[in-house]
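Here's the structure we're looking at; comments come further down.
Quick note: numbers below take in every heavy atom, side chains included, and nothing from hydrogens, waters or symmetry partners. Whatever order the structure lists ligands and atoms in, that order sets their numbers, starting from 1.
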Amino acid sequence: MIQGISGAAGVAIGKAFVLPSWEWDLPDQKMDAVDLAREFERLYEGIKTSRDEIQHIKQEFNEVVGPEESSIFDAHLAILEDPVFMNEIQGIIERQYKAAEVAVKEAIDHFVTMFDLLDDEYMKERALDIKDVGNRLLKHLLGAPEITLPLDTQPYILVANELSPSQLAHLNPNYVLGIVTLIGGKTSHSAIMARALGIPMVSGLENSVNLPVQTGDVLVINGDEGIVYVNPDPLIIEKYTEIRDQQLRKKEQLQVLAEVDAVTKDGTQLNLAANISSVKELDMSLRSGAKGVGLFRTEFLYMDRHSFPSEEEQYEVYRHVVEKTGGNAVVIRTLDIGGDKQLDYFPLPEEDNPFLGYRAIRISLELKDLFKTQLTAILRASVHGKVKIMYPMISSLDEIREANQILNEVKASLSERGISYDPNIEVGIMIEVPAAVVIADLLAREVDFFSIGTNDLVQYVLAVDRMNEQIAHLYQPFHPSVLRLLRMTAEAAHAAGISVSVCGELAGDERAVPIWLALGIHNLSMSPQSLLRVKHRVLNTEAAKAVTVAKSCLTMSTGKEIEAELEKYKRNSTQSTSLS
Ligand code: PEP
Ligand code: MG
């Protein structure tokens, strides 16, 4: 068994196809001065062919998975046009009299080494993009054939040293059972794409310098736990075949609940909406019966590109999402960058504590034009359905007032220009900073709704960095302090007569259903994959009993006790159903 990192969930069983690495035979002789013009010509020709090819792949990929995922190739096009990358290549040709392909190879090595040296996962992933684009350019300069994948006659598990987004884009998802890569983390573009395509993936194989797999080996991969078995004994294959089939059966069985309302046995209805960051995720959510979008993480529209998205681009995406959601509300959260979410064209300052630093609304209130562009796009989209605006990371009343002041300016400007928008658009805030909970009664007077972001709330109240694996055991969403904050927020919202929902990961945790019922929180928003599981849980819950259990949890003193109590209740109340 080899331990790696979970890239995309699910179990896959099949034969390995090991993708050969791109290795080149490069000429090392020096050019004459007269050859230089020809080398530049070859370089420009190679760039043009590569650009056409990337555009073609982008188009193809767009048809399979949608515009968000295919926009990754915009980043590749940007690299081909990047003056720093191009100057490096041209400089090597001009000053060192080297052939175009040698210059490209040396430029790739230069930037990849530089990015790899940075202690920054994001930049390491960008090094992969540079390698990918550079290799494509090299391929054309050398006239080398594309590395071919097995013919699409038999499904296979793709194994590669590393897998670039464009290599992944060439794959036919109907034939790729799973993916294993030696290099790559959870945030690599390839992992993001594998998740979007629903292909189980394991990457970052621990302690492996070379791929411990050969073409034809039988593999079992467990994408949930990041485990790979190579030529395992029949018992392992049997066990995982069972798990895989069970997962598929459960998925199919749950699917029948898509059209059913989430109502407890004794008649309390919950509204289950989706957290999305792309149109593709919206489609998945709607297939799972989401009642609207409770959190649209718009920062993903700003990623994988080389400049900020224009008002028009944003408007188009928001309008599309709003129209597709068909009458149910779409809560559009304004830009929430900073922390672990970075933009490569807008480097944020190095910070000792990025999660306590320049983030979210703090950036929007400083970069007012950027904020206004987004608010304009959201307001314009508000005439196409039910849109709500949500500000992230609010910690004071001043921030709400300042943001609303800017919103009013944007509204006035639209009115002046005769552009319509919903004048009664609701405005709410994320409750994710403990200070916001403590003054929730004050904040509730100035907004239309609260949405509790437990992901950040837990990290801030417990002082446990949500990214730090070493202290992951201390990150306890059921810690009594968290439950108290949830209760305080719900009470403040109820007292002020505004709505309150939960959109952090805890909303997608089936065990938490009794807590929501006890606190009178009837709106939840969660990742698309959690919707049907949570709905199943709600359907199997008797609210009256669940409230009693949750109330006793609220008196307990440790997270472990609370978790155990909720687990016990979940087990007891699902005994009679086949889907647990
Ligand atoms: C949260 O903090 O709970 C939340 C939903 O926001 P994000 O995960 O995007 O920080
Ligand atoms: Mg958050």
Side-chain angles (χ1 to χ4, degrees), residues 68 122 186-187 192 195 272-278 281-282 285 290 292-303 329-343 348 351 353-364 374 388-395 399 403 428-437 440 443 449-468 472 475-479 481-483 485-486 489-490 493 500-509 512 515-516 519 521 523-531 534:
E68 266 70 37
Y122 183 77
K186 249 190 164 52
T187 60
I192 293 167
R195 285 200 286 274
L272 307 188
N275 293 351
I276 63 160
S277 52
S278 69
E281 286 177 10
L282 174 66
S285 314
V293 172
L295 169 64
F296 184 177
R297 289 185 163 102
T298 58
E299 48 280 6
F300 288 87
L301 300 184
Y302 291 67
M303 292 180 182
V330 176
V331 180
I332 304 182
R333 179 174 75 182
T334 60
L335 187 61
D336 186 14
I337 50 167
D340 61 325
K341 290 180 267 189
Q342 302 283 329
L343 308 177
L348 295 169
E351 294 176 304
N353 295 297
F355 276 105
L356 302 181
Y358 194 46
R359 265 196 82 181
I361 195 72
R362 298 172 181 180
I363 296 180
S364 294
Q374 182 170 36
K388 300 183 187 188
I389 296 176
M390 179 157 72
Y391 304 136
M393 215 200 167
I394 292 292
S395 59
E399 285 166 336
I429 55 170
M430 297 276 299
I431 299 286
E432 49 187 350
V433 178
V437 179
L443 302 180
F449 64 92
F450 285 162
S451 186
I452 308 174
T454 52
N455 305 342
D456 278 317
L457 189 59
V458 172
Q459 80 162 343
Y460 291 137
V461 74
L462 297 177
V464 175
D465 185 340
R466 70 195 251 193
M467 310 291 289
N468 188 338
Y475 187 94
Q476 295 176 2
F478 292 112
H479 191 286
S481 64
V482 176
L483 297 199
L485 293 183
L486 292 171
T489 309
V500 54
S501 63
V502 180
C503 66
E505 286 300 302
L506 193 59
D509 187 326
I515 306 284
W516 313 135
L519 298 181
I521 296 179
N523 293 303
L524 302 174
S525 190
M526 60 197 73
S527 93
Q529 299 94 311
S530 305
L531 281 162
V534 173

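Of all protein heavy atoms, the one lying nearest to atom 7 (P) of ligand 1 is R297 NH2, 3.5 Å. When hydrogens are left out, the protein atom nearest atom 4 (C) of ligand 1 is M430 CE, 3.6 Å; that is the closest non-hydrogen contact. Closest protein heavy atom to atom 6 (O) of ligand 1: R333 NH1, 3.0 Å.
Here the rule is side chain to side chain contact (heavy atoms under 4.5 Å, CB included) with V502, and of I431, I452, L457 only I452 fits it.
Looking at E432, its N, O or S atom nearest to the Mg ion (ligand 2) turns out to be OE1. The Mg ion (ligand 2) lies closest to atom OD2 when only the N/O/S atoms of D456 are considered.
Taking all heavy atoms of M526, M393, E432 into account, the minimum distance to atom 2 (O) of ligand 1 is reached by E432.
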message: Applying side chain to side chain contact (heavy atoms under 4.5 Å, CB included) to L524 and L272, what does each step give before you reach the verdict?
response: CA-CA 5 Å; L524 302 174; L272 307 188; 3.9 Å; yes
task: Take E505 and S530 through the test side chain to side chain contact (heavy atoms under 4.5 Å, CB included) and record every step on the way to the result.
output: CA-CA 9 Å; E505 286 300 302; S530 305; 5.7 Å; no
task: Give the intermediate values and the outcome of side chain to side chain contact (heavy atoms under 4.5 Å, CB included) for residues Q476 and V458.
output: CA-CA 7 Å; Q476 295 176 2; V458 172; 5.8 Å; no
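Rounding to the nearest 0.5 Å places CD1 of I394 at 6.0 Å from CD1 of I429. In this structure, CG on L335 lies 13.5 Å from CZ on R297, to the nearest 0.5 angstrom. Rounded to the nearest 0.5 Å, atoms CE (M430) and OH (Y391) are 14.5 Å apart.
Atoms of ligand 1 found under 4.0 Å from any heavy atom of L295, numbered from 1 in the order shown, are 5 (C). Taking every non-hydrogen atom of C503 and a distance limit under 4.0 Å, the qualifying atoms of ligand 1 come out as 5 (C).
For ligand 1, the polar-atom distance check finds an N/O of N455 within less than 3.5 Å of one of the ligand's N/O atoms.
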